[in-house]
Amino acid sequence: MNKKSKNAIFYAIIVSLSALALISLILIVGFILIKGLPGITTEFLSQSPSKMGKEGGILPIIIGTLYVTLVALVIATPIGVAAAIYFNEYSKDTRSVRMIRFFTEVLAGIPSIIFGLFGFAFFVVFMGLGWSVLSGGLTLTIMILPTLIRATEESLKTVPMSYREGSLSLGATKWQTIVKVILPCCKSGVLTGLILGMGRAIGETAAVMLTIGGSMRMAESLLDPTRTMALHLYMLASEGISEEKTYATAALLIIIVLIINTIANEISRRMIKLS
Amino acid sequence: MKAYEKAIEKLILISAIVTTVSVALITVFIFKTGMPILLQYGVLDFITGTDWSPTSEIFGIMPLIIGTLAVTLGALIIGVPTGIACAVYLSEIASKKTAGPFKAAIELLAGIPSVVYGFFGLIVLVPAIRNYILPIFQKFNPDLNTSGFSILAGAVILAIMILPTIVSLSENAITAVPQEFREASLALGANKRETIMKVIVPAAKSGIFSSVILAMGRAIGETMAVLLITGNVAQMPGSILDPVATLTGTIAMEMSYAGPTHQQALFAIGIVLFIIIMLLNILAQAVMKKMGGVN
Amino acid sequence: GGGNSGTEAGGSVVTAGSTSVQPLSEELAAVFMDANTDYTVDVQGGGSGQGIKSIQEGIADIGALSRNLKNEEKGLVSKEVTIALDGIAVIINKDSQVKDLSLEQIRQIYTGEITNWKEVGGIDAPITVVSREEGSGTRGAFVEITKVAAKDSAGVETDMTDANALIQPSTGSVKTTVASTPNTIGYVSLGSLDDSVKAVTVEGVVPSIENIIDGTYKISRPFIYVVGETVSEATQMYLDFVLSDEGQAVVVDNGFISVK
Amino acid sequence: MEIRENEEKKFDIKGLDLYYGKFQALEKIDMDIYANKITALIGPSGCGKSTFLRTLNRMNDLIPGVTIEGDIRFDDENIYEKDYDVINLRKKVGMVFQKANPFPKTIYENIVYGPRVHGEKNKEILDHIVERTLKEVALWEEVKDRLNKSALGLSGGQQQRLCIARCLAVEPEVILMDEPTSALDPVATSKIEGLLGELALKYTIVIVTHNMQQAGRVSDNTAFFLSGKVLEVDNTAQMFSNPRNSKTEDYITGRFG
Amino acid sequence: MEIRENEEKKFDIKGLDLYYGKFQALEKIDMDIYANKITALIGPSGCGKSTFLRTLNRMNDLIPGVTIEGDIRFDDENIYEKDYDVINLRKKVGMVFQKANPFPKTIYENIVYGPRVHGEKNKEILDHIVERTLKEVALWEEVKDRLNKSALGLSGGQQQRLCIARCLAVEPEVILMDEPTSALDPVATSKIEGLLGELALKYTIVIVTHNMQQAGRVSDNTAFFLSGKVLEVDNTAQMFSNPRNSKTEDYITGRFG
Ligand SMILES: Nc1ncnc2c1ncn2[C@@H]1O[C@H](COP(=O)(O)OP(=O)(O)OP(=O)(O)O)[C@@H](O)[C@H]1O
Ligand SMILES: Nc1ncnc2c1ncn2[C@@H]1O[C@H](COP(=O)(O)OP(=O)(O)OP(=O)(O)O)[C@@H](O)[C@H]1O
Ligand SMILES: [Mg+2]
Ligand SMILES: [Mg+2]
């Protein structure tokens, strides 16, 4: 085979596979939006659900979703990034570190229902947090940590050694080097981890089902039970309660994710521009 | 300054410890809950048994193991090349103008809840397999039949679900390859394809590989979507158009109704799952080491 | 949350358990709280097993189940109250010609003895059987009433559901599966029945609330509340409300069958 | 300059302008580069030597926002013409960079990369290429026992010599070198310089250097760059002994040694 | 060598061995480095000059698998002692690397990085530092209009001068330089060399160079490295005119120009 045809095949494969990915996305998102958008009315956005969710809106559930996701991200981000920094910058590449990393990866493949059961046994019962925003958020935190740590570590690895050397040779401490030179280079990697983790947190049902309770009332504190949109969606769909509300909820969820991702990307673009 | 720095280092260490402890806690939790029944029932019987009827206290999970491996493998076969192709397209071929929206679109996939994928699969994919894919297969084997609930359906949906993980992480890895390598390769008269295939992707392979491992984890652990479209038939599949039950699907599906013994058995499945993922990770690392050679 | 209901004027009740009962419980709780503004009732999901575990752990006052207690569970609760019945409709794809099935035919279809629709008066096509997961309350009631589960020679009751049956994890997915797949048969909660699928008559009887109440339609499952050793005043008040005429009116209102 | 008329022009550059975005880095460059000669490019830091060098094999195509005007003819074809075969150009016009940039592969793999890309599969021939080129850059003795170790483990100087060997392995017609010896010690430098002389029998060489002596020693012709312009281009001996431009003289006599 | 007794020793190195894993890169190095002098390190590629230089500010700590034996005393304290304040050491012993390594920040941010890290917040003082150091490395005129542009947009030579300026901004006591001018043109080189002379009044300088002339021109003392050993260390004039070791002579006379 000559180079021309090899090239042609190569580009054909790359482009068609990329197109395939895009088409499946359009199919899924389009399917949900077409079926769901008509159901998103101001009433739907501003009212509480009634008749088991068959009627009314989902305001308390939107709020609940934001609470839980926020708790998960606010706790997971510093811990995840710090742990990645520890594993990549501080610890020697010892057996025990490799073990921890290994187990963290294994956990990424454990079904979320198990995290749910763990969260129930540990946070809800043992720590006495009850079914609450906090219990759910903490369970999600543990679930998204592996993704976050992995993404952060990968981008830490790509920062050239010469930057570290440059900074340290100027008498900067390790921490200063990390904060001022290394992390700014990793922003986009950390952000990727966050977006992936957040996606996982927002879309999760099994883990929250057992830890946040699923109450449809408006949560007023971190210790109140609540329901997330994904869980609501799951209940509506699996109990066959209302097809219209199911799709409306799904469509709204997609729109929210889209908005959050856009904001995150915009923030990172600004940050990169600044430096 | 010193004290501050020390304190920070302590905090970082604590974060690492928190992570480690939570990992350890969950591991212990799974093993503590599932181990008794596993030992009581017999590890070998549990793993090699081909009959899963928990209400009759018969716990044989071989069909579930096969189902899980088949669906995951299928998802990787479809998802990994697609994901890497997207990553290459995004970082090396697409213009900035197309790359931005494309990337945002892929990231959007990550935020769609798995139930949605499940119902999409149920309503669109399963009938499509029955109506369009089956006839193709029947040309080769007229005896085949399928309801559409199948390994194939699960693999396709999972492949889509793991795309964002593969694409985002691989793209980061590829973008991080120094420009110098591209220049060196092009200056030797290599064309873009050769540069991508022989220099850039190999230089990014550790990142790409780890994205694949993470994605594999996600594929194995994913439940809600697979649950709705694989048919959940705990029997040995004969072809990719046959329905299967998966380990995770079975756990998620039966856990909420299960009585005490049944629940323990589900945790025992968790242990098996844990070990399978561990073995796959070890295997993956061994492969990585082998092909790593230089790095 | 928590089981520490107050002894003062007001109090709180936490219910947890079956997600099938959860929507009904939400409605009951809402009406109860409207009438007794000092009281709160929190309704949590988690599944039937989780409901029992929660009262054991003392984090819920009431456990909700959508199935009968298993023998091994009986010792873990001190009292069980059936709060409603849920009819189970046998559904088939809308394209199917079949209108009626006998309990025996249903049993034979689900155990795999009948595998073609023509054996029960339909077209010549293989039957795709859709069932629920093992342990599901709906399945438990269905196999018991249709005798799909039977005592074997040793006297142990076994579920004989055909191993090739597709399993769907929820009412909604069974309904969607049957609606979108030709030649399928399944069963779902009566409350969720809509015109995307066709419900067959069983022994000539239409599945409806009236027919279940008068006992002519046979297939239904109980919704059960269970409580542990200590029952707080608030919990007792709520239980009394659920079983009152007012409470049972809510049950009927939401498409379930009153136990009165 | 008249003698030049008989010589074969490899590159013929006319009115070349280059912009990075709005910043003009090269201005009205007119210059010929002759076959089988060594042309040195000299001038102060930032004057555009590297930029000019990279236009000759169209490496600047990679930098977004670069605009190029004017004419560069290579073997009488305009290389900036549409449809011009850039790959083929780069095969014929090899390059060694200022910063050593070995691939993160083994030493062996680095060298056979080019030949492989151009279709050479025979293991023996490849082995032979590796040995020959490594000897040419005086690296063979140092690395022959670790050909299968990563090239990144080499010292800075060793890495740069490896990159030169990698370039030679493709047997180009022209070799562009951007301060190829700036990271090398005198012994290795003199070996490379000796090699340059030999290579010039077969190849055309364009070399950027800061080392006046080097330019004087190895090159046939020299071009003096200042702020993006070529102030003077001439026979090296001529320019060094008798610069026509006073700024050239200032620069050259600012030298040491 | 006797005159040395009166001079202040900045570094006092005794029996230094360094291993990369099992590979011994430095062997029994004995050497003194005197305050306010310029010490040049010369020797062929791969002989361990960079490695040695990096032991002086403990930069080798960053490389996994490095083991160090022996004694390095800086201002009479053993820098490899437990609890030795490495940060303070690096503040006092600055470094300029072989490959320019500006941070991916603006030119301004690169230079104020060090002062900021050490607590300087005053904008005026920082501005002043930037201007002073950029002038010292002869870069001010070229970049003063784009201080807020990325440093990565500079040419190779400009980047290296920026790195030198960045190092000077911390006002260290000792400056370690690893071939700091190998990417610079003669004009900039001579500016830097001139600067070295001035700096030596206040600072102690250790410089690795491949350029014999440079070593001869700027340094007070020279150490000749070969295969990880110091073959000879002496007053530069002394060594260049009258090397005691025949290998030193071979190396020095292998020079050009
Ligand atoms: N990180 C490392 N791991 C293993 N070996 C190394 C490492 N760094 C350097 N070496 C080896 O140690 C020896 C000394 O290297 P060093 O970089 O100090 O040489 P140098 O004198 O500075 O050479 P040059 O003039 O080419 O820069 C070389 O053989 C080199 O291959
Ligand atoms: N990618 C780029 N974007 C913008 N400006 C650039 C870019 N590359 C180089 N320049 C600018 O163009 C001018 C010429 O740069 P060039 O690298 O060609 O100089 P040089 O003569 O090779 O210098 P040196 O001897 O230091 O390597 C410099 O002012 C430089 O800052
Ligand atoms: Mg240059
Ligand atoms: Mg060196």
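No hydrogens, no waters, no symmetry mates; every other heavy atom, side chains included, goes into these values. Convention: sequence-line order gives letters A, B, ...; per-chain numbering from 1.
If you measure heavy-atom distances from D:Arg166 to chain B, the contacts under 4.5 Å come from both the backbone and the side chain. With a 4.5 angstrom heavy-atom cutoff, D:Pro64 does not touch chain B via any of its atoms. Only the side chain of D:Met59 comes within contact range of chain B, judged by heavy atoms closer than 4.5 Å.
Among all heavy-atom pairs drawn from B:Glu180 and D:Ala100, the shortest one is OE1-O, 4.2 Å. Of all the heavy atoms in D:Asn57 and B:Ala187, the pair that sits closest is ND2-CB, 4.2 Å.
You'll find the side chain of D:Arg90 stays beyond 4.5 Å of the side chain of B:Leu188, heavy atoms only. Inter-residue side-chain proximity for D:Phe103 and B:Ser185 is flagged as met; some heavy-atom pair is nearer than 4.5 Å.
Note: D:His118 NE2 to B:Glu194 CD = 6.5 Å, rounded to the nearest 0.5 Å.
Using a 4.5 Å heavy-atom cut-off against chain B, the contacting residues of residues 68-88 of chain D are D:Ile87.
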Derivation and outcome, side chain to side chain contact (heavy atoms under 4.5 Å, CB included), residues B:Glu183 and D:Phe97: CA-CA 9 Å; B:Glu183 293 196 344; D:Phe97 296 82; 3.3 Å; yes
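By the 6.0 Å contact criterion, CD on B:Gln179 is enclosed, its count of non-hydrogen atoms from other residues, nucleotides or ligands being greater than 12.
Counting only distance, with no hydrogens or angles, the side chain of D:Asn101 and the backbone of B:Phe181 share no donor-acceptor pair below 3.5 Å. Not a single donor-acceptor pair under 3.5 Å links the side chain of D:Lys91 to the backbone N or O of B:Ala190.
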